[in-house]
Amino acid sequence: MSTSAPYRFDRRHTDDLMTFLAAAPSPYHAVAVAAERLEKAGFRQVWETDVWDASAGGKYVIRGGALIAWHVPEGADPHTPFRILGAHTDSPNLRVKPRPDAGAHGWRQIAVEIYGGPLLNSWLDRDLGLAGRLTLRDGSHRLVNIDRPLLRVPQLAIHLDRTVTSEGLKLDKQRHMQPIWGLGEVHEGDLIHFLEEETGIGHGEVAGWDLMTHSIEPPAYLGRDRELLAGPRLDNLLSVHAATAALTAASATPDLPYIPVLAAFDHEENGSQADTGADGPLLGSVLERSVFARGGAYEDRARAFAATVCLSSDVGHAVHPNYAERHDPTHHPRPNGGPILKVNVNQRYATDGSGQAVFAAACERAGVPWQSFVSNNSMPCGTTIGPITAARHGIRTVDIGVACLSMHSARELCGADDPYLLANALTAFLHG
């Protein structure tokens, strides 16, 4: 079902999304870029170790690769409910191990571990950069982004594996996915010493790292009429970008009946069980402290949570023209058809009928068409942060997103209109 109201596509939003994707090769970069945009909109960072005050305005907390931001309107009561936009900052990729320097037979390699559930073949024969966070001996952090051809996972030539054409490509995660980065003898400490030189950090100052590969190919419009967007990390930086835009727009609106919130979590791709994940305490702690800072008690917290709604935004599956039988026969989300409402009665998604009504009303106010998604009954259904948020905090949650192809590939594909349509729907939702 969709609205019939007209909409006007603004290519500037998707242009800006492409800039965001290129600047955010890791969750740590994603929250840094989002925080910079929030700062320009008047938000200020607060620290979890400080005492929080009751002042109105925009605030945000960063913990690792997660960010929680909220805007308290003037005159908000302690029991004023929240309107939450949920998303996640991480994407499947190859992550550097604690002892990264490896190699054999004259090749220098980097030891990596598989993060999340990537389509491994999409990382083959692709020029890769390296990005993430370095932890220094004094406990401070430094972001690093080597955004040039540095690594490559070479595929075995067909002449040495004739079965690949008849039996398909079979990859062993340990033996076949270790990227090369040069020739010569392997020396322990080479990679970190290289990164210290690249970032101007003193030799021996790096004490820990959270590093990951990324495709250096920039996002691009695709197709005869440029109506598609191809790029890395659409799952789920597309939602983080849209939610950041929606929150900054809402913060400029006086007399909001709700407190708008952005919850961008890390580690969704491996189950959300982390102190920066949706299954951790971060969101609940921030919301409760906001209530208590405004003079509220547990009763106010309970009242606020009972009237709160969360839109959990993550990408979903567009109908695949080469594999249409894998989809539900009556639900075929299409690119540029507007955001999708994700439903699963077994609670892999948190949407119910009342949540659908909230989402439909927001789309109607924004003049945005929308679509429904359910899985084929014979196929297992994926999940996201929605059910976790609903169960952990007792908050009514609705799972939505944008339809895409090549999910979990190093490079994904969606409609070029859909990011803009999603952002408009999220903005309307925050305005109530």
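Atoms considered below: every heavy atom in the structure, side chains included; atoms not considered: hydrogens, waters and symmetry mates.
With sequence neighbours excluded, the residues that form a ring-ring contact (aromatic ring centres under 6.0 Å, His included) with F194 are W181. For W123, the ring-ring contact (aromatic ring centres under 6.0 Å, His included) criterion is met by no residue, not counting sequence neighbours. With sequence neighbours excluded, the residues that form a side-chain contact (heavy atoms from CB on, under 4.5 Å) with S140 are L136, D138. Taking the side-chain contact (heavy atoms from CB on, under 4.5 Å) definition, one finds that P218 meets it with nothing, sequence neighbours left out. Residues passing the side-chain contact (heavy atoms from CB on, under 4.5 Å) test with D147 are N145, H214, I216, sequence neighbours excluded. Partners of A35 by side-chain contact (heavy atoms from CB on, under 4.5 Å), not counting sequence neighbours, listed by chain and number: Y60, I62, L67. Considering only residues two or more places apart in sequence or on other chains, F20 meets the ring-ring contact (aromatic ring centres under 6.0 Å, His included) condition with H241. For H317, there are no side chain to side chain donor-acceptor pair (under 3.5 Å) partners at least two apart in sequence or on another chain. Judged as a ring-ring contact (aromatic ring centres under 6.0 Å, His included), and not counting sequence neighbours, the contacts of H320 are Y323. Under the side chain to side chain donor-acceptor pair (under 3.5 Å) criterion, Y115 pairs with D90, H267, not counting sequence neighbours.
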Side-chain atoms of residues 296-304: list all donor-acceptor pairs with protein atoms under 3.5 Å, sequence neighbours left out, distances to 0.1 Å.
| unit_1 | atom_1 | unit_2 | atom_2 | d |
| --- | --- | --- | --- | --- |
| D300 | OD2 | A297 | N | 2.8 |
| R301 | NE | E288 | OE2 | 3.1 |
| R301 | NH2 | E288 | OE2 | 3.2 |

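Applying the ring pair (Phe, Tyr, Trp, His ring centres under 6.0 Å) rule to pairs touching residues 347-368 yields F359-W370, sequence neighbours excluded.
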